[in-house]
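No hydrogens, no waters, no symmetry mates; every other heavy atom, side chains included, goes into these values.
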Amino acid sequence: MSAGFCRVSSVLRRFSSVLGPRRVVSAGSARLCSGCQERLCSPPLAGDVDRFGGVTVRDFPPDISEDEFTELLRDGRVAVWLRVPIALSRLSAAAAHLGFGFHHAQRDEAVLSLWLGPGEDRLPAFATHQVGVAGAVVDESNGKVLVVQDRNKTKNAWKFPGGLSDLGENIGETAVREVFEETGVRSQFCSLLSIRQQHNHPGAFGMSDMYLICRLSPLSFHIDFCTQECLRCEWLDLTELAKTSETTPITSRVAKLLLYGLEHGFQSIDLTVEQMPAVYSGLFYQLYHRRLPETP
């Protein structure tokens with residue numbers, strides 16, 4: 001028996017001693033467990049094995065046994081993930097005594113992890129970035145762009161309307177939604193213009209922050225801005241935005257980028273989006289890139 005599996009067995013023996021004895025279930029089960037004297041048993045834990053050799057456990061009956069839990073970790077399992085609902089948070093303390101540590105927590109669930117493979121812990125860290133998206137809505141007919149001044153800022157600087165992207169929301173969708181929520185102007189996504197990366201961000205709980213600015217095309221022009229979030233909202237000339245001191249450095253830089261696009265064509269500054277199939281079956285991703293010139 002390998003040293004790694006001995007460690008697993010030791011952990012599970014201690015784990016089961018905290019949670020209780022083995023449960024013997026009805027004859028409708030389809031598994032024989034050692035030590036059951038040929039009675040049919042079914043492990044009450046629901047475990048999902050991932051492609052890296054780890055197992056995720058989501059259900060924690062109070063009468064879990066060592067044998068039933070160990071069965072989930074055979075055949076070279078390298079890690080255990082425990083998804084503990086807040087109603088059973090008492091189990092976190094028991095798991096901590098067995099070597100588990102908090103990986104992350106969200107709303108009504110905490111996820112604990114334990115590395116069982118060789119060498120140092122190679123489990124990935126939890127998400128460490130937040131994604132903010134702004135929309136630069138450009139009226140190509142007059143060279144004006146939609147800008148706002150935030151109400152909650154110490155400096156009343158012109159900026160593009162935007163906010164944090166929701167879970168599962170594409171970049172362009174965030175830009176369009178945030179622009180409408182803040183200004184009342186409807187728009188459509190055209191391209192990605194810029195990406196700013198910043199670390200130790202106070203507004204991201206000290207984590208890293210990605211801030212993306214998209215180019216949008218207006219579908220309406222009447223402003224009805226949110227007075228709770230915005231102090232002012234205007235269609236401002238891009239030339240003025242590019243040179244005014246009443247803006248942020250990134251807004252000024254993107255304004256100059258947009259002016260260049262108006263003069264030379266937006267294809268010279270745009271990163272357009274293409275949806276492509278992911279390696280995971282049935283999933284897709286969005287690829288942002290500069291379009292190659294079309295060949296005759």
Please list, chain by chain and in numerical order, all residues satisfying salt bridge (charged side-chain N to carboxylate O under 4.0 Å, His left out) with Asp166, sequence neighbours excluded.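 So Asp166 forms a salt bridge (charged side-chain N to carboxylate O under 4.0 Å, His left out) with Arg177.
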
Salt bridge (charged side-chain N to carboxylate O under 4.0 Å, His left out) against Glu234, all qualifying residues, sequence neighbours excluded: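 For Glu234 the salt bridge (charged side-chain N to carboxylate O under 4.0 Å, His left out) partners, ignoring immediate neighbours, are Arg232.
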
Hydrophobic cluster identity match, [X] and [Y], side-chain contacts under 4.5 Å:
X      : Y      : answer
Val145 : Ile223 : no
Ile213 : Trp235 : no
Val138 : Phe225 : no
Ile269 : Ile250 : yes
Leu236 : Leu146 : no

Return each pair, listed once, that meets salt bridge (Lys or Arg N to Asp or Glu O under 4.0 Å) where at least one residue sits in residues 104-132; pairs must be two or more places apart or across chains.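 Passing the test, one end in residues 104-132: Arg83-Glu109.
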
Within-4.5 Å side-chain heavy-atom neighbours: [X] and [Y]:
X      : Y      : answer
Ser191 : Leu271 : no
Val137 : Phe160 : no
Leu192 : Val273 : no
Tyr288 : Ile195 : no
Phe189 : Leu216 : yes
Gln149 : Trp158 : yes

Run the side chain to side chain contact (heavy atoms under 4.5 Å, CB included) check on Cys226 and Gln228 step by step: do they pass? CA-CA 5 Å; Cys226 176; Gln228 291 181 327; 3.9 Å; yes

Has the side chain of Ser208 got a donor or acceptor atom that lies under 3.5 Å from a matching backbone atom of His129? no

With under 30° as parallel and over 60° as perpendicular, where do the rings of Trp81 and His103 fit, or are they tilted in between?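 Trp81 and His103: perpendicular rings.
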
Check against side chain to side chain contact (heavy atoms under 4.5 Å, CB included), Leu219 and Phe180: CA-CA 11 Å; Leu219 298 177; Phe180 179 72; over 6 Å; no

Is Asp270 salt-bridged to Arg291, going by a charged N under 4.0 Å from an acidic O?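 Between Arg291 and Asp270 there is no salt bridge, as every charged N stays at least 4.0 Å from the carboxylate O atoms.
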
For residues Ser92 and Ser89, is any side-chain donor paired with an opposing acceptor at under 3.5 Å?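 Result is no, nothing qualifies.
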
Heavy-atom closest pair, residues Cys190 and Thr272: O-CG2, 4.4 Å

Hey, mind stepping through Thr183 and Cys230 against side chain to side chain contact (heavy atoms under 4.5 Å, CB included) and telling me if it holds? CA-CA 8 Å; Thr183 72; Cys230 304; 5.7 Å; no

